[in-house]
Visitor: 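Take this structure, written in structure tokens, and hold onto it; I'll ask about it next.
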Amino acid sequence: MLPAILPPVPRAAPAGRKCPLVRVTGATVRIINPASTRRRWSSTPTPPPCLGSDLATCVFCHQPSYPLGGLGHLFGPYQVRGEETWLHLDCVLWVPVVTMVSGKLLGLEEGVEQCRNLLCGECERVGASMGCTHHGCQSVVHVGCGKDGGWGVEEDTLDARCPWHRRQAQ
């Protein structure tokens, strides 16, 4: 008697990467979104945006891409809670719940949710991602507002001080 031939058992697809991956090579920064097949590069300048067009803006600071200075290029789109999300690398790195481990950006969904209701102390718009690191201080601002508003910002150590605590530290 011949053994019964069973149909092949379907196998689940490998899980793969579930969080954005950040790769820095020299002056090039690349963020890879595993939910998207498109890749975004920040090494080549792009022309300035046309006024009046429907442009993508950063989920944190609500500003468009600034390739020639300022906060730099926007990266995305990422799917966060079913919405298309774009971000500046400078803005997302100041969010406390977002961490980079072995080049992977972890906690993006939690970071967007956390900053969604934080009111900037300078421009009074929501989405502030940089907070004063002095113990007990609750001041928060957008990264661009903080740099323009007299905050002490140490990008190497990710230390930010509001104007009040900056003066106290001097």
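For the single chain, residues carry numbers from 1 onward in sequence order.
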Visitor: Rounded to the nearest 0.5 Å, what separation is found between the SG atom of Cys58 and the CZ atom of Phe75?
Guide: 11.0 Å

Visitor: Tell me which one of Thr57, Leu74, Val59 satisfies side chain to side chain contact (heavy atoms under 4.5 Å, CB included) with His88.
Guide: Leu74

Visitor: Which residues satisfy the side-chain contact (heavy atoms from CB on, under 4.5 Å) test with Pro96, sequence neighbours excluded?
Guide: Gln114

Visitor: Going only through I, L, V, M, F, W and Y residues with side-chain contacts under 4.5 Å, is there a path from Val153 to Leu118?
Guide: no

Visitor: Would Val95 and Met130 count as a side-chain contact (heavy atoms from CB on, under 4.5 Å) here? Give the steps.
Guide: CA-CA 6 Å; Val95 180; Met130 185 170 68; over 6 Å; no

Visitor: My understanding is that only residues two or more places apart in sequence, or in another chain, count here; which of them pass side-chain contact (heavy atoms from CB on, under 4.5 Å) with Glu113?
Guide: Arg81, Arg116

Visitor: Listing request: all salt bridge (charged side-chain N to carboxylate O under 4.0 Å, His left out) pairs with a residue in residues 127-156, at least two apart in sequence or in separate chains.
Guide: Lys147-Glu155

Visitor: Counting only N and O atoms by type, is there a donor-acceptor contact under 3.5 Å from the side chain of Ser129 to the main-chain atoms of Cys91?
Guide: yes

Visitor: Working to the nearest 0.5 angstrom, can you tell me the gap between His73 NE2 and Leu89 CG?
Guide: 11.5 Å

Visitor: Only counting residues at least two apart or in another chain, list the ones meeting side chain to side chain donor-acceptor pair (under 3.5 Å) with Glu122.
Guide: none

Visitor: Within this structure, what is the CG-CG distance for the pair Leu106 and Leu108, rounded to the nearest 0.5 Å?
Guide: 10.0 Å

Visitor: Linking directly or through intermediates, with side-chain heavy atoms under 4.5 Å: list the remaining ILVMFWY members grouped with Trp164, chain and number order.
Guide: none

Visitor: Sequence neighbours excluded and cut-off under 3.5 Å, please list the side-chain donor-acceptor pairs for residues 133-146, or say none.
Guide:
unit_1: Thr133; atom_1: OG1; unit_2: Asp159; atom_2: OD1; d: 2.3
unit_1: Thr133; atom_1: OG1; unit_2: Ala160; atom_2: O; d: 2.9
unit_1: Thr133; atom_1: OG1; unit_2: Arg161; atom_2: NE; d: 3.4
unit_1: His134; atom_1: ND1; unit_2: His165; atom_2: NE2; d: 3.3
unit_1: His142; atom_1: NE2; unit_2: Phe60; atom_2: O; d: 3.3
unit_1: His142; atom_1: NE2; unit_2: Val126; atom_2: O; d: 3.1

